[in-house]
Amino acid sequence: MLSKKTKYAIKALMVLGRNYGKEPMQIVKIAEEERIPKKFLEQILLEMRNAGMLYSKKGAGGGYSLNKAPEDIYLSQVMRLIDGPIALLPCVSLNFYRSCEECTEEHACGIRDTFIEVRNAMLQILNDTSVANLINKEKELSLD
């Protein structure tokens, strides 16, 4: 399940993506717009800034902005940064692999084999979906 922290991170990135190329946005404005607790949002934005996704400016006219174009920030990057592994099992994770304690023959495990397929399908979507894609999808859905 997607954590609330990751969901808030994606929502904040979408706000900043819609504001891309304009003045930095203050945390209060982002928090109000997306109904995210301000203190929690501060932690999330700082984490994304430290990872190079965001730029921050202090003082008058300060705030946060995207450090990359919305087209260049993918859901897989955000999820890994905020929550770590995307895979549902540690033995199928690409970046956070751990063998399962109860497994004796990993190469012959039907559960593992199935969840490799799940991981691959999910990664395909997450690697292909950018912040810009989400912004466009919302525009399309609001027209329906």
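Basis for what follows: all heavy atoms, side chains included, without hydrogens, waters or symmetry-related copies.
Annotation: side chain of D128 is not in contact with side chain of N133 (no heavy-atom distance under 4.5 Å). Contact annotation: the side chain of I73 never approaches that of S130 to less than 4.5 Å [non-hydrogen atoms, C-beta and beyond]. In this structure the side chain of Y20 never reaches within 4.5 angstrom of the side chain of L16, judged on heavy atoms. Using a 4.5 Å heavy-atom cutoff, the side chains of H107 and R112 are not in contact.
If you check the side chains of E140 and N136, you find no donor sitting under 3.5 Å from an acceptor.
No more than 12 heavy atoms of other residues, nucleotides or ligands shown are found within 6.0 angstrom of NZ on K7. More than 12 heavy atoms of other residues, nucleotides or ligands lie within 6.0 Å of CG in L94, so this atom counts as buried by the packing criterion. By the 6.0 Å contact criterion, CD on Q26 is open, its count of non-hydrogen atoms from other residues, nucleotides or ligands being 12 or less. Within 6.0 Å of the CD atom in E23, the count of heavy atoms belonging to other residues, nucleotides or ligands does not exceed 12.
We find that R18 and E138 are joined by a salt bridge, their nearest charged nitrogen and carboxylate oxygen being less than 4.0 Å apart. A salt bridge links K39 and E42; the closest N-O separation between the charged side-chain nitrogens and carboxylate oxygens is under 4.0 Å. Ion pairing between a basic and an acidic side chain is recognised when a charged N comes within 4.0 Å of a carboxylate O; K11 and E33 show no such pairing.
S93 contributes atom OG, which lies 7.0 Å from atom CZ of R80 (distance to the nearest 0.5 angstrom). L45 CG to K38 NZ: the interatomic distance, rounded to the nearest 0.5 Å, is 10.5 Å. Interatomic distance, L88 CG to I116 CD1, rounded to the nearest 0.5 Å: 12.5 Å. Once rounded to the nearest 0.5 Å, the distance linking CD of E102 with CD1 of I111 reads 8.0 Å. One distance of note links NZ of K22 with CG of L66; it measures 12.0 Å at 0.5 Å rounding. With rounding to the nearest 0.5 angstrom, the CD atom of Q77 is 12.0 Å from the CD1 atom of I82.
Counting only residues at least two apart or in different chains, side-chain hydrogen bond (donor to acceptor under 3.5 Å, both in side chains) contacts with residues 61-76 comprise S76-N127.
Summarising the geometry of E106 relative to C100, their closest heavy-atom pair is OE2-N, 4.5 Å, with the distance given to 0.1 Å. In this structure, T129 and I125 approach most closely via the heavy-atom pair OG1-O, 2.7 Å. The heavy-atom pair separating L41 from A31 by the smallest distance is CD2-N, 3.6 Å.
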Chi angles and distances behind the side-chain contact (heavy atoms from CB on, under 4.5 Å) call for L75, L134: CA-CA 9 Å; L75 290 182; L134 293 177; 3.6 Å; yes
Evaluation steps, side-chain contact (heavy atoms from CB on, under 4.5 Å), between Q43 and L46: CA-CA 5 Å; Q43 295 170 2; L46 183 62; 5.8 Å; no
Evaluation steps, side-chain contact (heavy atoms from CB on, under 4.5 Å), between M122 and I86: CA-CA 8 Å; M122 195 161 67; I86 291 173; 3.3 Å; yes
Pair V92-V118, side-chain contact (heavy atoms from CB on, under 4.5 Å): steps then yes or no: CA-CA 10 Å; V92 302; V118 171; over 6 Å; no
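Of the candidates P85, C91, P90, R98 forms a side-chain contact (heavy atoms from CB on, under 4.5 Å) with just one, namely P90.
For Y8, the ring pair (Phe, Tyr, Trp, His ring centres under 6.0 Å) partners two or more places apart in sequence, or in a different chain, are F40.
Checked by atom type and distance alone, the side chain of T6 never pairs as donor or acceptor with a backbone atom of L2 at under 3.5 Å.
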